[in-house]
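Note sheet for the following structure.
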Amino acid sequence: MIGVLGGVASGKSAVARALAGPDGVVIDADKLAREVLAAPELEAALRTAFGPGVFGEDGRIDRDRLAQIVFGSREKRSALEGFTHPLIRDRIRAQLDAARERGVPRIVLDVPLLLEHESQHGLAAECRTLVFVDADARLRDARAVASRGWQPGEVSRREATQMPLERKRARADHVIVNEGNLSELETAARRILAEH
């Protein structure tokens, strides 16, 4: 099992896919979080906690509106995590168990808060290796603006709520610098796999 660490828009998902390769499995916590936020059983709790303004015209949660609220308030962020994180952890664990049962040779955890919530899920301790994906802060911000439609500065605003990147990097067994192209990223991933 491999855990992928790094900053927002550093390329963790691309690295996770490269590490998993065709025979492995990526467990994508962001994808699971989107599924959880769309779950009908959470609607009432989210409406009570954050108001009707976080829902779009289609009746579904508007993730951008919700992000504006929760990344501006520690209390609101904690409330959201209280609703969503147990459900996300359950889904991660279910996918992990299923992959192990199938005998998947590599399971890669693309879990942005892998270290921040280690005491609740214990997943980092189960990883054979941790890989930190490094990229310049300006480059990451430009990527988020281009690919996610975020406002400039949103990356640093969100990262201010997470463990400092220096601490994540210090916990890693390997570092991949992602400031080039996909081919370079895949080559770096293969080098790490060759060591394990």
Side-chain angles (χ1 to χ4, degrees), residues 1-37 81 84-137 139-141 143-144 147-148 155-156 158-196:
M1 194 154 88
I2 302 170
V4 179
L5 312 171
V8 176
S10 60
K12 295 184 300 296
S13 295
V15 168
R17 288 190 299 273
L19 289 167
D23 301 328
V25 165
V26 175
I27 297 178
D28 181 345
D30 280 345
K31 180 181 177 201
L32 296 176
R34 287 190 293 275
E35 290 174 8
V36 163
L37 280 175
E81 290 174 354
T84 60
H85 282 194
L87 299 172
I88 296 167
R89 282 194 295 270
D90 288 348
R91 289 177 187 221
I92 289 171
R93 190 57 68 182
Q95 287 190 3
L96 185 54
D97 292 346
R100 285 176 169 157
E101 201 172 286
R102 290 193 322 268
V104 172
R106 272 179 316 288
I107 303 167
V108 183
L109 298 181
D110 184 4
V111 179
L113 301 177
L114 184 64
L115 299 182
E116 284 85 344
H117 297 288
E118 172 65 6
S119 63
Q120 286 119 2
H121 55 61
L123 292 168
E126 293 182 45
C127 291
R128 185 172 183 179
T129 191
L130 296 174
V131 177
F132 181 84
V133 185
D134 200 2
D136 176 76
L139 176 59
R140 293 186 296 107
D141 195 60
R143 285 176 183 163
S147 66
R148 303 178 187 188
V155 167
S156 60
R158 293 189 185 203
E159 283 182 347
T161 67
Q162 299 178 4
M163 179 184 289
L165 292 180
E166 302 77 39
R167 285 180 55 200
K168 291 183 180 186
R169 186 182 176 120
R171 286 280 306 273
D173 303 295
H174 303 277
V175 175
I176 291 179
V177 177
N178 182 21
E179 295 181 353
N181 58 40
L182 185 58
S183 176
E184 292 168 340
L185 210 59
E186 290 170 346
T187 299
R190 283 194 297 272
R191 280 196 206 105
I192 290 171
L193 293 175
E195 295 180 28
H196 294 280

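One is the number of the first residue; the rest follow in order along the sequence.
A heavy-atom distance below 4.5 Å is not found between the side chains of Leu115 and Arg167. Counting heavy atoms from C-beta outward, Leu96 and Leu123 have side chains that approach closer than 4.5 Å. Side-chain atoms of Asp97 and Glu101, non-hydrogen and from C-beta on, never get closer than 4.5 Å to each other. The side-chain heavy atoms of Glu195 and Thr129, taken from C-beta on, include no pair separated by under 4.5 Å. By the 4.5 Å heavy-atom criterion applied to side chains, Pro112 and Asp30 are counted as neighbours. A heavy-atom distance below 4.5 Å is found between the side chains of Gln120 and Arg89.
In terms of heavy-atom proximity, Ala16 sits nearest to Val26 at O-CG2, 3.5 Å. Closest approach of Cys127 to Gly3, counting heavy atoms only: SG-N, 3.5 Å. Ile107 and Ala99 make their closest contact through CD1-CB, 3.7 Å (heavy atoms, listed as atom of the first residue, atom of the second, distance). The two residues Gly6 and Leu165 come nearest to each other via the heavy atoms C-CD2, 3.9 Å. Here the closest heavy-atom approach between residue Leu193 and residue Ala18 is recorded as CD1-O, 4.3 Å. The two atoms that bring Glu179 and Arg143 nearest to each other are CA-NH2, 4.1 Å, heavy atoms only.
Separation of atoms CG (Leu185) and CZ (Arg190) is listed at 10.5 Å; rounding is to 0.5 Å. The line from CD1 of Ile92 to CG of Asp28 is 9.0 Å long, rounded to the nearest 0.5 Å. Here the CG atom belonging to Asp110 is positioned 10.0 Å from the CG atom belonging to Leu32, to the nearest 0.5 angstrom. One finds the OG1 atom of Thr84 at 13.5 Å from the CZ atom of Arg34 (value rounded to the nearest 0.5 Å). Taken to the nearest 0.5 Å, the NZ atom of Lys31 stands 10.5 Å off from the CZ atom of Arg91. Atom CD1 of Ile176 is separated from atom CG of Leu19 by 5.5 Å, given to the nearest 0.5 angstrom.
A donor-acceptor pair under 3.5 Å is absent between the side-chain atoms of Arg140 and the main chain of Ser10, judged by distance alone. Put simply, the side chain of Glu159 gets close to the backbone of Val8: a donor and an acceptor are under 3.5 Å apart. For the pair Arg169 (side chain) and Asp134 (backbone), a donor-acceptor distance under 3.5 Å is absent.
Comment: Arg171 does not engage Glu118 in a salt bridge, judged by the lack of any side-chain N to carboxylate O separation of less than 4.0 angstrom.
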Checklist entry - What's the verdict on side chain to side chain contact (heavy atoms under 4.5 Å, CB included) for Arg17 and Val108, showing C-alpha distance, side-chain angles and the deciding distance? => result CA-CA 8 Å; Arg17 288 190 299 273; Val108 183; over 6 Å; no
Checklist entry - Can you list the steps and then say if Arg106 with Arg128 is a side chain to side chain contact (heavy atoms under 4.5 Å, CB included)? => result CA-CA 10 Å; Arg106 272 179 316 288; Arg128 185 172 183 179; over 6 Å; no
Checklist entry - Can Arg100 and Met1 be said to form a side chain to side chain contact (heavy atoms under 4.5 Å, CB included), step by step? => result CA-CA 10 Å; Arg100 285 176 169 157; Met1 194 154 88; 3.8 Å; yes
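When each of Leu114, Leu109, Ile2 is paired with Leu130, the side chain to side chain contact (heavy atoms under 4.5 Å, CB included) condition holds for Leu114 and for no other. Val133 pairs in a side chain to side chain contact (heavy atoms under 4.5 Å, CB included) with only one of the listed residues (Leu5, Val177, Val4), which is Val4.
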